[in-house]
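Take a look at the structure below.
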Amino acid sequence: MYRPSRLSTAVTSLDEQILSKEYSKLEFHIPYSTFHTTTKSKALLNNSEMDQRVQEAVKNINVTELHEIFSSSWQSLGQGEQKSLSANFLLAALNHPLFLSQAFTEQGTYDLALQIFQAALAQLPSTVEHQADNAIRLKLFDLLVELQDFTEAANILSAYRFDENEDSPYYSTPDVKTDIYVKIAECFLHEDEIVEADTFVSKAGAAVQALSMMNSMNNNQNNNNNNDGGGALLDDDQEHLVSDEHNSIILRYKSAHARVLDKNRKFLSAASRYYDLSALGSQTDIIDADDLVEFLGRAATCAMLAPSSSQRQRILGMVYNDGRLGQLDSLAHFATHTSILSKMYREQVIRRDRDLIQFEDSLGDHQKAIMGDGLTIFQRALIEHNMVAVSRIYSSIYFEALGQLLGLSTEKTEKVASKMILDGSLKAYIDQVDGVICFEGGEDGQVKKLVEFDGAITSFCTQLNSVVDAVRQNA
């Protein structure tokens, strides 16, 4: 006998070759025209009955029945019929005001409902009426986020359909794309799935560029229309509304980007972006004041974890000179940041004390990672900082004594110093024979700078006296 699924496919696609082949397998012969008509009628009837079952199950919110259909029964349909059935199901589910919420919140139905939508969304025609697939993805995303299933929410929304053709029903503007990509990235970040989050932050970055270009073109066009005295103009309230909406999306992207950099341990770049976000209070009122201080605290954390460099010192300086720095003391997870950052910016030697231990305890898991040299990220940053601080005090020091100051063995101290000299973060040279490191810019360097400064002052005073004498003579 024939297999229904293959015949259904053949009928749907009018594949006469397959129908003829299946017809030849019959144990008894009937006219081919009769076989063709009967098979087509059965297939259409089967599809119609299945669709009716789906509509009835959606109406009654019968999740068990729908799961049986989309996991088993619909296997008898051809691929085209499955796609049609999926599209009809999504439209019915979208139009039912209670289906989604009840299907996922009734006891024991969550997994079944999820499997139903996964199966239906995986088999869709090229276009679904009213873009019901995208609409369902958005509603499912909101529902799954509310139910704290962030990974599945991101996976559902990640297949949202976009089309670059403006005539396509799936065409989306840059602001919609940015919003979708950022939502997905935020969910992956919530579950510490950094690779996936990074992927969608990159996509959001491209959409943000397109959005910025679109805003720039719209502003230019609006200005031209205003100058010409014609054209449709946005009033101030409408323009402000559009601007705030786009700014909100862009700020969410910048926040997600900074968090991805932080999670990827690119602390210097993360610190810079966190600080930029914290400084937006004077430009917009979209971000709450508490969130601005939170960004400042994160900027301080990342700056202190970053490797020693002139750029790091610049960011430390911006945070140190920020008038809001003292507000971090009132937040438990930033309580010791002010004192430690101040010492780092002033290049003072930092010893292990209660504040330092509290700071380490406040770090996230990714910030406590042990690196290849056996040191944690902060231990390495602290050692490099103290190495620079020592170079401001001493012109030279034995590695044994330096190791005691840094809490390292003599061998480890020499390795750290060598690395810092090679990457340019420490100006010094090593005398391996005597086991000494000599700093450029220590006490000798400071004295040299003072002598040069005194010489410049003396030269200025001499020239000033000459000018005064010349004026007197001419008078």
Side-chain angles (χ1 to χ4, degrees), residues 182 186 189-190 192 243-244 247-368 376-379 381-382 384-386 388-389:
V182 170
E186 288 171 340
L189 277 169
H190 193 280
D192 281 335
S243 176
D244 278 355
N247 284 341
S248 177
I249 295 172
I250 293 172
L251 288 175
R252 284 173 48 224
Y253 157 71
K254 289 183 176 180
S255 175
H257 189 198
R259 290 169 61 193
V260 166
L261 291 170
D262 185 354
K263 294 284 188 178
N264 281 329
R265 302 171 194 159
K266 297 178 180 179
F267 295 116
L268 198 58
S269 297
S272 178
R273 282 161 177 77
Y274 277 138
Y275 185 77
D276 289 344
L277 284 166
S278 78
L280 288 173
S282 60
Q283 304 173 27
T284 179
D285 56 358
I286 296 176
I287 308 178
D288 293 336
D290 291 342
D291 291 334
L292 293 173
V293 176
E294 178 73 22
F295 284 133
L296 181 66
R298 292 183 185 181
T301 301
C302 291
M304 288 187 280
L305 293 174
S308 179
S309 67
S310 58
Q311 189 178 357
R312 172 183 182 263
Q313 190 67 11
R314 180 183 64 83
I315 296 175
L316 286 172
M318 290 192 300
V319 178
Y320 175 79
N321 291 309
D322 195 295
R324 301 166 298 166
L325 182 61
Q327 297 180 34
L328 297 180
D329 295 339
S330 62
L331 302 176
H333 53 299
F334 295 135
T336 62
H337 280 49
T338 301
S339 62
I340 296 175
L341 184 137
S342 298
K343 292 177 182 177
M344 282 193 167
Y345 175 65
R346 293 197 294 259
E347 295 184 333
Q348 298 173 348
V349 174
I350 300 176
R351 300 186 184 278
R352 190 166 184 81
D353 56 13
R354 186 186 306 171
D355 284 351
L356 199 64
I357 294 172
Q358 187 175 345
F359 173 79
E360 288 181 307
D361 290 341
S362 72
L363 297 175
D365 291 339
H366 68 285
Q367 296 167 335
K368 296 178 181 178
T376 65
I377 293 170
F378 181 63
Q379 284 174 340
L382 185 63
E384 291 183 357
H385 162 77
N386 281 338
V388 173

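What you see is a predicted model, and the numbers here were worked out from it, not measured in a lab.
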Supply the atom-to-atom distance His366 NE2 to Lys368 NZ, rounded to the nearest 0.5 angstrom.
11.0 Å
Is any side-chain heavy atom of Tyr320 less than 4.5 Å from a side-chain heavy atom of Met344?
no
Which pair of non-hydrogen atoms, one from Asp276 and one from Leu280, has the smallest distance, and what is that distance?
O-CG, 3.4 Å
So do Leu328 and Leu325 actually touch side chain to side chain, heavy atoms under 4.5 Å?
yes
Nearest 0.5 Å please: distance from the CD1 atom of Ile350 over to the CG atom of Leu382.
5.5 Å
Between Arg298 and Phe334, what is the shortest heavy-atom contact and its length?
N-CZ, 3.8 Å
Side-chain donor/acceptor of Ser255 to backbone N/O of Arg252, under 3.5 Å
no
Heavy-atom closest pair, residues Ala381 and Ala306:
CB-O, 4.0 Å
Spacing of His337 atom NE2 and Met304 atom CE [to the nearest 0.5 Å]:
4.5 Å
Between CZ of Arg324 and CG of Leu296, what distance do you get to the nearest 0.5 Å?
5.0 Å
Check the orientation of Tyr253 and His257. Use parallel for under 30°, tilted for 30 to 60°, and perpendicular for over 60°.
parallel
Is it the case that more than 12 heavy atoms not belonging to Asp361 sit under 6.0 Å from its CG atom?
yes
With heavy-atom distances below 4.5 Å as the criterion, would you say the side chains of Phe378 and Leu356 are in contact?
yes
Evaluate the side-chain proximity of His333 to Glu294: yes if any heavy-atom separation is below 4.5 Å, no if none is.
yes
Out of curiosity, Leu305 CG to Leu363 CG, how far, rounded to the nearest 0.5 Å?
5.5 Å
Sub-3.5 Å donor-acceptor pair from the side chain of Ser362 to the main-chain atoms of Phe359, do we have one?
yes
Can you see which heavy atom on Thr336 is nearest to which on Asp355, and at what distance?
OG1-O, 3.4 Å
With a 4.5 Å heavy-atom cut-off, do Tyr345 and Val319 have their side chains touching?
no
What I'd like to find out is whether the side chain of Tyr275 reaches to under 4.5 Å of the side chain of Ser278, using heavy atoms alone.
yes
Do other residues, nucleotides or ligands put more than 12 heavy atoms under 6.0 Å from the NZ atom of Lys254?
no
Closest non-hydrogen atoms of Asn386 and Gln348, given as atom of the first, atom of the second and distance, are OD1-O, 4.1 Å
Any side-chain heavy atom of Asp262 within less than 4.5 Å of one from Tyr274?
yes
For the pair Asp353 and Arg351, find out whether any cationic side-chain nitrogen is under 4.0 Å from an anionic carboxylate oxygen.
no
Is there side-chain contact between Arg312 and Ile315, with heavy atoms separated by less than 4.5 Å?
no
Measuring from Leu292:CG to Leu277:CG, what's the distance to the nearest 0.5 Å?
8.5 Å
Of all heavy-atom pairs linking Gln379 and Glu360, the shortest is CG-OE2, 4.4 Å
